[in-house]
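Not measured: the values here are computed from a predicted model. Naming: A, B, ... by sequence-line order, numbering from 1 per chain.
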Number of protein chains: 2
Amino acid sequence: MPQRSTESVDNYLKAILTLGERQPGRVASNALAAHLGVAPASVTNMLQKLAAAAAPFVEYERHRGVLLSPSGRRRALEIVRHHRLIETFLYEVLDYPIEELHEEAERLEHFISERFEERIAAKLGHPTTDPHGHAIPSLEGEMPPRSSMCLTDVSEGTFIVDSISDRDAPTLRSLQANGLTPGTKVRVTRSPSDSYSVRIGRSTTALDLSPEVAREVRILPLTK
Amino acid sequence: MPQRSTESVDNYLKAILTLGERQPGRVASNALAAHLGVAPASVTNMLQKLAAAAAPFVEYERHRGVLLSPSGRRRALEIVRHHRLIETFLYEVLDYPIEELHEEAERLEHFISERFEERIAAKLGHPTTDPHGHAIPSLEGEMPPRSSMCLTDVSEGTFIVDSISDRDAPTLRSLQANGLTPGTKVRVTRSPSDSYSVRIGRSTTALDLSPEVAREVRILPLTK
DNA sequence: AGTTTGATTTAGGTAAACCTAATAAGTAGG
DNA sequence: CCTACTTATTAGGTTTACCTAAATCAAACT
Ligand SMILES: [Mn+2]
Ligand SMILES: [Mn+2]
Ligand SMILES: [Mn+2]
Ligand SMILES: [Mn+2]
């Protein structure tokens with residue numbers, strides 16, 4: 001039987017996927033607890049349950065963290081697909097402000113049907129990235145590996161903005177207002193005050209981004 | 001604090017509203033249990049909890065059923081508004097087949113935000129009826145009383161189709177396929193086999209509806 | 001009034017998903 | 001190699017929303 005999963009299980013799987021991408025290898029209980037905002041004990045509990053299932057979503061060993069099984073990965077990518085399609089839909093079709101996309105998608109991703117998914121994907125012309133610049137996993141559960149790097153990991157140069165984290169609403173809002181959106185070309189220099197000075201396109205003024213804000217921005221080398 | 005409610009609570013409130021409309025007066029636990037598909041004991045439990053809250057959604061007395069409080073009624077109408085707006089949206093914007101509207105709306109009605117509600121209402125031009133012909137409660141929680149009657153309650157005559165129940169997918173599908181939709185003019189005669197013979201518009205052929213199917217259809221006197 | 005019946009409530013439990021506090025396991029520095 | 005620290009697990013609750021089985025209540029019938 002095709003395994004069922006609850007909202008909570010889905011959130012664990014998504015968190016394991018995300019953290020496992022951030023640094024490959026097994027994902028620690030504590031990291032999951034912090035990411036999910038639950039107590040470490042709750043994570044241990046859940047991982048034991050998930051690993052003990054008939055066809056487990058995860059591979060777990062006491063004290064050494066957890067990995068997604070192929071079917072766990074599949075499910076996680078399915079939810080990420082829902083999330084990003086919903087964000088795109090809210091933005092393109094329902095004219096949501098950019099900073100409200102994430103919260104709504106975070107809830108709805110668990111409750112839409114396959115038909116809903118299929119219909120919004122069709123309506124949007126089967127998009128491959130969401131409004132934040134993140135890749136949308138395909139229906140088959142494929143997602144290209146991320147080749148961008150964090151703005152805080154470069155010193156200076158000219159780049160294309162790849163994506164902006166969807167998690168911090170005020171930052172999203174202000175970057176959007178200042179024209180810093182995925183796809184824009186930027187020239188980056190370091191300010192003395194260890195902030196990041198970003199000149200957008202060929203504009204004369206520059207944005208000054210704090211390290212906290214810069215950490216939310218990912219960029220790609222300019223391959224002209 | 002503005003009372004919060006869970007998916008389950010919302011479903012109880014909606015059921016109380018629906019059954020209370022069907023026949024005015026207090027709603028019996030058993031009727032709720034049947035409608036919600038849970039055990040009668042579960043209903044009693046829930047009603048006691050609901051009635052014991054600080055600002056209760058219901059007024060409940062042992063052995064004599066339950067009534068919505070004003071705030072309970074408000075909440076129930078809010079969920080019905082979500083349901084019917086979602087159905088309309090799925091039908092008009094996402095081109096869902098008519099028989100798939102209800103199930104999706106039944107789930108999503110609990111999880112959309114006020115922003116989502118507002119946006120789909122705007123996109124649809126603030127509709128007042130859903131694709132099944134049911135009135136959509138206003139933002140302020142007003143809904144006109146139903147003046148239509150059940151097709152099984154009339155003998156013969158010419159009418160306008162008011163609405164078709166959204167609950168029975170196959171019936172919906174076949175009535176839709178045969179052109180029996182809200183707003184159409186129909187001439188009704190009783191067949192010998194105690195079914196209902198319905199001529200749509202000025203067509204020459206007639207549909208033969210079993211009593212079970214006829215019960216799903218509501219009509220209005222033709223006010224030319 | 002006494003009895004039967006059907007509706008309803010009480011009692012006692014289960015399953016998910018959390019929690020806190022206490023314990024144990026790994027990892028490193030002295 | 002042993003202690004201190006960090007990380008993770010176990011133990012023992014809680015809450016929500018269900019369940020079944022066993023009372024109890026109210027209404028209807030002789
Ligand atoms: Mn998001
Ligand atoms: Mn899907
Ligand atoms: Mn419906
Ligand atoms: Mn609403």
Figure out the [atom1]/[atom2] separation between [X] and [N], and round it to whole Å.
{"X": "Glu7(A)", "N": "dT16(D)", "atom1": "CD", "atom2": "P", "value": "16 Å"}
{"X": "Asn45(A)", "N": "dT9(D)", "atom1": "CG", "atom2": "P", "value": "10 Å"}
{"X": "Gln48(B)", "N": "dT15(D)", "atom1": "CD", "atom2": "P", "value": "17 Å"}
{"X": "Lys49(B)", "N": "dT16(D)", "atom1": "NZ", "atom2": "P", "value": "6 Å"}
{"X": "Tyr12(B)", "N": "dA17(D)", "atom1": "OH", "atom2": "P", "value": "9 Å"}
{"X": "Met46(B)", "N": "dA17(D)", "atom1": "CE", "atom2": "C1'", "value": "6 Å"}

*From Leu50(A), Leu17(A), Val27(A), residue fulfilling side chain to side chain contact (heavy atoms under 4.5 Å, CB included) relative to Leu68(A)*: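 Considering Leu50(A), Leu17(A), Val27(A), a side chain to side chain contact (heavy atoms under 4.5 Å, CB included) with Leu68(A) is found only for Leu17(A).
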*Residue closer to the 5' end of DNA chain C, Ser8(A) versus Arg64(A) (nearest nucleotide)*: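 The answer here is Ser8(A).
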*Looking at side-chain heavy atoms only, is the closest gap between Leu151(A) and Glu216(A) below 4.5 Å?*
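Leu151(A) vs Glu216(A): side chains apart.
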*Any side-chain heavy-atom pair from Met143(A) and Arg81(A) closer than 4.5 angstrom?*
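Met143(A) vs Arg81(A): side chains apart.
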_Short side-chain donor-acceptor distance under 3.5 Å, Glu109(A) and His82(A)_ =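 Result is no, nothing qualifies.
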_For chain B and DNA chain C, what are the first and last nucleotides along the strand, 5' to 3', with at least one atom under 4.0 angstrom from a heavy atom of the protein chain?_
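First-to-last contact on DNA chain C, by the 4.0 Å heavy-atom rule, is dA7(C) to dT10(C).
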*Would one find a side-chain N or O of Thr44(A) under 4.0 angstrom from OP1 or OP2 of dT10(D)?*
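Checking Thr44(A) against dT10(D): no side-chain N or O falls below 4.0 Å of OP1 or OP2.
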Hey, what do you get for [atom1] ([X]) to [atom2] ([Y]), rounding to the nearest 0.5 Å?
{"X": "Tyr91(B)", "Y": "Glu100(B)", "atom1": "OH", "atom2": "CD", "value": "12.5 Å"}
{"X": "Ser165(B)", "Y": "Leu172(B)", "atom1": "OG", "atom2": "CG", "value": "7.0 Å"}
{"X": "Tyr96(B)", "Y": "Glu104(B)", "atom1": "OH", "atom2": "CD", "value": "3.5 Å"}

_Mutual orientation of the aromatic rings belonging to Phe111(A) and Phe111(B) [parallel < 30°, tilted 30-60°, perpendicular > 60°]_ =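 Geometry flag for Phe111(B) against Phe111(A): parallel rings.
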*Six-ring centre of Phe57(A), Arg75(A) cation under 6.0 angstrom, axis tolerance 45°*: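 Geometry flag: not set, cation outside 6.0 Å or 45°.
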*Enumerate the residues from residues 24-42 of chain B whose closest heavy atom to DNA chain D is under 4.0 Å, giving them by residue number; use none for an empty result.*
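Contacting residues: Gly37(B), Val38(B), Ala39(B), Ala41(B), Ser42(B).
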